[in-house]
Amino acid sequence: MDLYEHQARQLFAEHGMAVPEAEVIDRAADAKEAAGRLGGRVVVKAQVKTGGRGKAGGVKIAADPAAAELTTRQILGMDIKGHTVRAVMLAQPVDIEAEFYVSYVLDRATGTFLAIASAEGGMEIEEVAATRPEAVARIPIDPVEGVTERKAAQIAAAAALPPEAAPVLQRLWQVLTREDALLVEVNPLVRTVDGRILALDGKVTLDDNAGFRQARWGAEAGDPHGDPLEAAAAAKGLNYVKLDGEVGIIGNGAGLVMSTLDVVAGCGARPANFLDIGGGASAGIMADGLSVILSDPAVKSVFVNVFGGITSCDAVAGGIVQALRSVRLTKPLVVRLDGNNAARGRAILDAHAHPLVEQATTMDGAARRAAQLADAA
Ligand SMILES: Nc1ncnc2c1ncn2[C@@H]1O[C@H](COP(=O)(O)OP(=O)(O)O)[C@@H](O)[C@H]1O
Ligand SMILES: [Mg+2]
């Protein structure tokens with residue numbers, strides 16, 4: 001899970017990194033007072049989980065509290081790369097002498113962490129990395145040793161950062177390790193004209209596997225800024241990803257669901273989602289999955305693809321029948337049951353004889369039928 005800039009800023013501060021004073025607001029009417037508390041002149045910063053806010057007009061300086069209100073009004077509601085701005089952070093402006101780039105990232109290719117740093121940070125870092133890769137230092141970090149004083153000095157020297165930046169590099173490593181992050185990035189880390197080292201912008205990606213240890217960010221789980229169907233599915237604990245098509249898909253096992261997407265696409269239709277209901281496939285999970293998929297207005301038909309393994313098909317069929325009692329089926333459902341106890345499972349569905357439910361014996365046949373039904377709808 002990615003954190004907002006203001007949350008990253010909070011973590012940086014908690015680990016002893018210097019950050020500008022700031023306040024978060026979600027109403028323009030609150031800007032004047034907040035700016036006043038911060039000294040009058042402020043930087044107004046869109047809080048969205050994407051980079052390049054500065055270039056998109058989402059980071060603006062306001063000379064006084066009245067200007068802060070006006071600028072906040074402009075930035076709230078703005079769309080930045082598909083993200084609507086619902087809050088802004090007002091931050092004290094600092095006089096920048098130099099902007100640096102620093103990040104720690106889990107490098108899956110080498111199986112370790114990597115420090116990436118450059119003395120040429122700021123909004124053009126992608127450009128620098130692309131045209132002059134030699135200006136960006138990449139240094140592997142032993143995850144057990146971490147960023148020691150010596151390591152921090154080494155990173156600073158390799159990236160031509162001022163030596164005063166080294167202690168900040170050690171604190172940033174604490175943020176990564178103690179907060180269960182997979183990525184921490186500061187861009188820009190700046191030296192001010194009066195010689196202080198400050199983190200002006202931060203990105204932190206937490207490891208979702210450590211979510212149980214990071215309960216303080218729990219309210220973010222059903223992220224209101226993300227897709228509402230994905231949020232609803234996440235709240236029900238479903239493994240659901242919204243896609244652009246019209247054939248809703250439910251399967252048991254990620255591999256089966258992946259190949260179901262392929263087979264549906266092969267029939268000329270587009271899958272509306274990825275949904276893996278896992279091994280158990282209880283009636284409750286089936287009902288939750290169906291209700292999420294049926295509430296997607298783009299869905300025209302639903303394909304339930306189950307291969308009975310440890311969970312037998314009759315149990316799954318029983319789950320589907322029970323789910324159909326609690327969820328009102330509004331779109332045609334094609335079910336393919338195969339594997340353990342398939343015949344009994346099919347008999348259970350036949351006996352239920354729901355007018356919108358039909359069965360197919362093969363995955364290809366079921367996908368063709370679901371595509372056809374979606375096309376006809
Ligand atoms: N508190 C601040 N004081 C002065 N300048 C700032 C401040 N915060 C950001 N900036 C300037 O705005 C630029 C863009 O802001 P940043 O927070 O990095 O957003 P993004 O990376 O999304 O464009 C920074 O590179 C920096 O030059
Ligand atoms: Mg930035």
Side-chain angles (χ1 to χ4, degrees), residues 2-13 17-25 31 34-65 67-68 71-72 74-105 116-130 135-136 159 161-162 165 168-169 172 175 181 183-205 225:
D2 291 344
L3 297 184
Y4 286 100
E5 178 199 13
H6 69 267
Q7 297 171 324
R9 176 192 167 279
Q10 188 185 332
L11 287 183
F12 293 170
M17 290 167 60
V19 294
E21 284 302 309
E23 289 193 29
V24 181
I25 56 172
R37 285 191 292 270
L38 292 164
R41 199 164 154 263
V42 289
V43 185
V44 183
K45 311 185 75 177
Q47 295 301 290
V48 280
K49 294 181 177 180
T50 180
R53 295 166 302 158
K55 286 189 179 167
V59 178
K60 290 233 166 87
I61 188 108
D64 54 44
T71 307
T72 299
Q74 281 166 2
I75 293 181
L76 282 176
M78 195 183 232
D79 179 283
I80 299 181
K81 300 184 191 166
H83 299 251
T84 307
V85 181
R86 308 216 185 269
V88 299
M89 183 171 88
L90 306 187
Q92 275 180 350
V94 301
D95 292 327
I96 300 170
E97 185 189 81
E99 298 196 327
F100 316 120
Y101 175 93
V102 182
S103 68
Y104 297 127
V105 50
I116 306 176
S118 173
E120 299 181 46
M123 294 197 281
E124 304 300 336
I125 187 66
E126 276 91 5
E127 173 79 15
V128 173
V136 181
L161 305 184
V168 180
L169 296 177
L172 185 62
V175 175
L183 167 110
V184 290
E185 182 190 78
V186 187
N187 186 37
L189 177 73
V190 302
R191 184 164 64 191
T192 62
V193 293
D194 54 1
R196 293 175 300 146
I197 303 285
L198 256 78
L200 289 201
D201 181 18
K203 177 172 178 190
V204 171
T205 304
H225 306 302

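Just so we're clear, the structure is a prediction, and the values are computed from it rather than from any experiment. Ligands are counted one by one from 1 in listed order, and the atoms in each one are counted from 1 as well.
Ser103 is not listed as a side-chain neighbour of Asn187, based on a closest heavy-atom distance of 4.5 Å or more. Contact check for Tyr101 versus Val136: no side-chain heavy atoms found under the 4.5 Å cut-off. Contact annotation: the side chain of Thr72 approaches that of Leu90 to within less than 4.5 Å [non-hydrogen atoms, C-beta and beyond]. Residues Arg53 and Asp201 meet the side-chain proximity criterion, which asks for heavy atoms closer than 4.5 Å. Contact of the Val186 side chain with the Met17 side chain is registered, since non-hydrogen atoms from C-beta on lie closer than 4.5 Å. With contacts defined as side-chain heavy-atom distances shorter than 4.5 Å, the pair Val175/Tyr104 does not qualify. Between Val43 and Pro20, the closest side-chain pair of non-hydrogen atoms is not below 4.5 Å.
Looking at Ile61 against ligand 1, nothing comes within 4.0 Å, counting heavy atoms.
Scanning the protein heavy atoms around atom 1 (N) of ligand 1, the nearest turns out to be Gln92 O, 3.1 Å. The shortest contact between atom 14 (C) of ligand 1 and any protein heavy atom is with Met123 SD, 3.7 Å. Counting only heavy atoms of the protein, atom 5 (N) of ligand 1 lies nearest to Ile96 CD1, 3.6 Å. Scanning the protein heavy atoms around atom 12 (O) of ligand 1, the nearest turns out to be Val59 CG1, 3.9 Å. In terms of protein heavy-atom proximity, atom 18 (O) of ligand 1 is closest to Asp201 OD2, 3.0 Å. With respect to atom 7 (C) of ligand 1, the closest heavy atom belonging to the protein is Leu200 CD1, 3.5 Å. Protein heavy atom nearest atom 25 (O) of ligand 1, with residue, atom name and distance: Glu99 OE2, 3.3 Å. The protein heavy atom nearest to atom 23 (O) of ligand 1 is Gly54 N, 2.8 Å.
Listed by atom number, the atoms of ligand 1 under 4.0 Å from Asn187 heavy atoms are 18 (O).
For the pair Arg53 and ligand 1, the shortest N or O to N or O distance falls below 3.5 Å. Ligand 1 has an N or O atom lying under 3.5 Å from an N or O atom of Val94, backbone or side chain.
Just one of Val48, Val44, Val59 meets the side-chain contact (heavy atoms from CB on, under 4.5 Å) condition when paired with Val88; it is Val44.
Counting heavy atoms of neighbouring residues, nucleotides and ligands inside a 6.0 Å radius, atom CG of Asp95 does not exceed 12 of them.
Here the side chain of Gln92 pairs a donor or acceptor atom with the backbone of Leu38 at under 3.5 angstrom.
Here Met123 fails the criterion, with no N, O or S atom under 2.8 Å of the Mg ion (ligand 2).
Taking the Mg ion (ligand 2) as reference, Asp201 places its N/O/S atom OD2 nearest.
Nearest-heavy-atom check against atom 9 (C) of ligand 1 across Glu124, Lys45, Lys203 picks out Lys45.
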